[in-house]
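Each remark here refers to the structure printed beneath this line.
Note that the structure is a prediction, hence the values are computed from the model and not measured. Nothing fancy with the numbering, it's 1 onward along the sequence.
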Amino acid sequence: MSEFTTVDLRVHAPTATLTIDRAEKLNALNAKTLEELNAALDEVERDDAVRALVVTGAGEKAFVAGADIAELRDNDVTTARAFAERGQKTFARLERFPKPIIAAVNGYALGGGCELASACHIRYASETARFGQPEIKLGVIPGYGGTRRLARLVGKGRALEMMLSGETIDAEEALRIGLVNRVVPLAELAEEAEKAARLFASKPKHALEFAISAVNAAEDADLDEAYKKEASFFAMCFGYPDCEEGIAAFLEKRSPNFE
Ligand code: COA
């Protein structure tokens with residue numbers, strides 16, 4: 001059994017459940033979480049008995065409330081690019097994972113959390129879920145592939161509306177714009193996601209993998225260029241005082257005073 005501290009992997013073949021497990025910080029993704037998320041994906045990929053995966057968040061309040069803002073603060077223009085690239089790599093791996101991945105969004109899916117959900121193949125949300133890309137309130141932009149992935153999922157106009165306003169939307173609106181596949185009561189979310197995972201798991205392994213690859217291939221032509229641009233712009237944000245102010249304001253629990 002693996003000794004993870006920020007994620008929890010439960011294998012119940014033919015499916016497994018991976019829980020982002022930092023409930024006290026609303027499951028915000030820090031470097032350790034990303035590292036363990038990758039290690040857990042290694043295990044799931046290696047285990048032939050596991051045919052589909054559910055990703056969710058610990059507790060009842062949040063799926064994932066974003067990248068860890070306390071860690072974000074330590075970045076400058078140079079390190080921020082590596083910060084974005086690390087997340088992009090992990091989330092691209094989820095998107096291209098050979099086994100179906102269902103996000104069971106059980107609360108806030110903000111910033112990196114919305115990007116994490118978007119990187120999964122299918123999204124089920126609880127009625128209590130909320131989605132958003134609030135990075136702009138910190139003086140930054142999404143940096144884990146969200147600029148491209150969200151636009152592909154819900155269209156450029158809606159994606160930009162979310163990114164430029166930083167406002168959140170509820171589960172019903174997420175369903176209406178195609179960000180999620182289904183909305184269910186919170187108490188039924190885990191069961192419904194598991195049911196879907198078992199349905200996918202019952203299908204031929206090679207066909208699951210080929211379907212995911214084929215759908216991705218149609219979109220992937222200009223992907224790596226798009227990721228490079230996103231990481232560059234994300235990093236450039238750290239050269240502006242508003243970024244330092246936005247992050248400091250969140251951590252000091254006050255409103256930002258932008259220039
Ligand atoms: N990174 C680091 N810590 C975070 C976090 C994040 N993205 N989101 C929440 N937390 C922490 C809070 O700092 C707080 O920690 P504390 O108890 O040590 O003070 C704890 O999680 C609970 O969050 P809190 O803000 O008190 O809960 P709330 O119910 O008042 O508000 C949110 C919930 C989700 C609206 C609010 O936490 C929020 O806006 N989070 C940031 C979302 C964001 O900007 N994400 C994008 C990051 S790039």
Side-chain angles (χ1 to χ4, degrees), residues 18-20 26-29 33-34 37-38 41 52-57 62-67 84-97 99-126 129-136 140-183 189 193 196-197 212-213 215-220 222-224 226-227 229-231 233-234:
L18 174 55
T19 304
I20 308 297
L26 304 189
N27 305 320
L29 302 171
T33 317
L34 279 185
L37 173 56
N38 266 301
L41 289 175
L53 175 68
V54 174
V55 173
T56 194
F63 172 67
V64 166
E85 286 171 351
R86 192 174 55 213
Q88 285 179 345
K89 205 167 153 202
T90 304
F91 287 10
R93 182 175 181 202
L94 283 165
E95 186 169 45
R96 295 168 182 168
F97 206 68
K99 307 177 184 191
I101 304 182
I102 301 154
V105 182
N106 55 313
Y108 287 114
L110 303 180
C114 191
E115 292 175 291
L116 173 62
S118 303
C120 295
H121 302 130
I122 311 275
R123 282 153 294 284
Y124 283 8
S126 65
R130 292 199 73 85
F131 296 80
Q133 297 289 167
E135 290 88 345
I136 199 139
V140 286
I141 64 168
Y144 287 177
T147 56
R148 169 235 160 222
R149 217 173 266 124
L150 187 64
R152 290 272 171 94
L153 273 174
V154 304
K156 199 163 125 183
R158 290 187 178 114
L160 276 172
E161 194 174 25
M162 287 172 73
M163 286 178 218
L164 300 183
S165 70
E167 297 300 316
T168 60
I169 59 171
D170 64 18
E172 277 308 319
E173 177 67 358
L175 180 66
R176 197 183 67 77
I177 66 175
L179 180 51
V180 301
N181 298 66
R182 285 189 62 187
V183 176
L189 179 66
I212 293 166
S213 294
V215 169
N216 283 334
E219 294 192 331
D220 276 2
D222 55 356
L223 199 61
D224 290 332
Y227 285 152
K229 283 235 164 65
E230 182 190 74
F233 288 131
F234 177 85

- Task: Of all the heavy-atom pairs spanning Ala231 and Glu85, show the shortest one and how long it is.
- Result: CB-CG, 4.0 Å
- Note on the structure: Scanning both residues in full, the closest heavy-atom pair of Leu179 with Leu150 reads CD1-CD1, 3.8 Å
- Query: Going by heavy atoms in the side chains, are Leu110 and Phe63 under 4.5 Å from each other?
  - Reply: no
- Task: Give the minimum heavy-atom separation between Ala129 and Val105, together with the two atoms involved.
- Result: CB-O, 3.6 Å
- Message: When you compare the side chain of Leu29 with that of Thr90, does any pair of heavy atoms fall below 4.5 Å?
- Response: no
- Check: Glu115 side chain, Tyr144 main-chain N or O, donor-acceptor pair, under 3.5 Å: yes
- Task: Measure from NZ or CZ of Arg182 to the centre of the six-membered ring of Tyr124 and say whether it is under 6.0 Å with the direction within 45° of the ring axis.
- Result: yes
- Query: Any Lys/Arg nitrogen of Glu161 or Arg158 sitting under 4.0 Å from an Asp/Glu carboxylate oxygen of the other?
  - Reply: no
- Query: Given Glu172 and Leu175, is the side-chain contact (heavy atoms from CB on, under 4.5 Å) satisfied, shown in steps?
  - Reply: CA-CA 5 Å; Glu172 277 308 319; Leu175 180 66; 4.0 Å; yes
- Message: Between Thr19 and Val54, does the side-chain contact (heavy atoms from CB on, under 4.5 Å) criterion hold? Intermediate values first, please.
- Response: CA-CA 8 Å; Thr19 304; Val54 174; over 6 Å; no
- Are the side chain of Asn181 and the backbone of Arg123 linked by a donor-acceptor contact shorter than 3.5 Å? yes
- Message: Does Ser126 form a side chain to side chain donor-acceptor pair (under 3.5 Å) with Asn106? I'd like the steps, not just the answer.
- Response: CA-CA 5 Å; Ser126 65; Asn106 55 313; over 6 Å; no
- Any Arg96 side-chain heavy atom under 4.5 Å of Ser213 side chain: no
- How far does CD1 of Ile102 sit from SG of Cys120, to the nearest 0.5 angstrom? 9.0 Å
- Message: Do Phe91 and Leu34 make a side-chain contact, defined as non-hydrogen atoms from C-beta onward lying under 4.5 Å apart?
- Response: yes
- Message: side-chain contact (heavy atoms from CB on, under 4.5 Å), that's the test. Do Phe131 and Asp170 meet it? Break it down for me.
- Response: CA-CA 6 Å; Phe131 296 80; Asp170 64 18; over 6 Å; no
- Nearest heavy atoms of Val64 and Asn27, plus distance in Å: CG1-O, 3.4 Å
- Message: Closer than 4.0 angstrom, basic N to acidic O: yes or no for Glu95 and Arg149?
- Response: yes
- Message: If we ignore hydrogens and angles and just use 3.5 Å, is the side chain of Gln133 paired with the main-chain N or O of Ile141 as donor and acceptor?
- Response: no
- Query: Do you know the tightest heavy-atom contact between Pro100 and Ile212?
  - Reply: N-CD1, 3.8 Å
- Can you measure from CD1 (Ile101) to CD1 (Ile122) and round to the nearest 0.5 angstrom? 10.5 Å
- Message: With heavy-atom distances below 4.5 Å as the criterion, would you say the side chains of Leu18 and Leu37 are in contact?
- Response: yes
- Message: I'd like to know if the side chain of Thr56 reaches the main chain of Ala104, judged simply by a donor and an acceptor atom lying under 3.5 Å from each other, with no hydrogens or angles considered.
- Response: yes
- Note on the structure: NZ (Lys156) and CE (Met163) are apart, to the nearest 0.5 Å, by 11.5 Å
- Please round to the nearest 0.5 Å and tell me the distance separating atom CG of Asn38 and atom CZ of Arg93. 5.0 Å
- Item | Spacing of OG belonging to Ser165 relative to CD1 belonging to Ile136, to within rounding of 0.5 Å | 8.5 Å
- If you take all heavy atoms of Cys114 and Met162, which pair is closest and at what distance? SG-CE, 4.4 Å
- Task: Could you tell me whether the side chain of Thr147 and the main chain of Gly143 form a donor-acceptor pair under 3.5 Å?
- Result: no
- Query: Are Phe234 and Glu135 close enough, and set up right, to give a side-chain contact (heavy atoms from CB on, under 4.5 Å), and what steps lead you there?
  - Reply: CA-CA 10 Å; Phe234 177 85; Glu135 290 88 345; 5.8 Å; no
- Message: Just verifying a value: how many Å separate Gln88 CD and Glu230 CD, rounded to the nearest 0.5 Å?
- Response: 5.0 Å
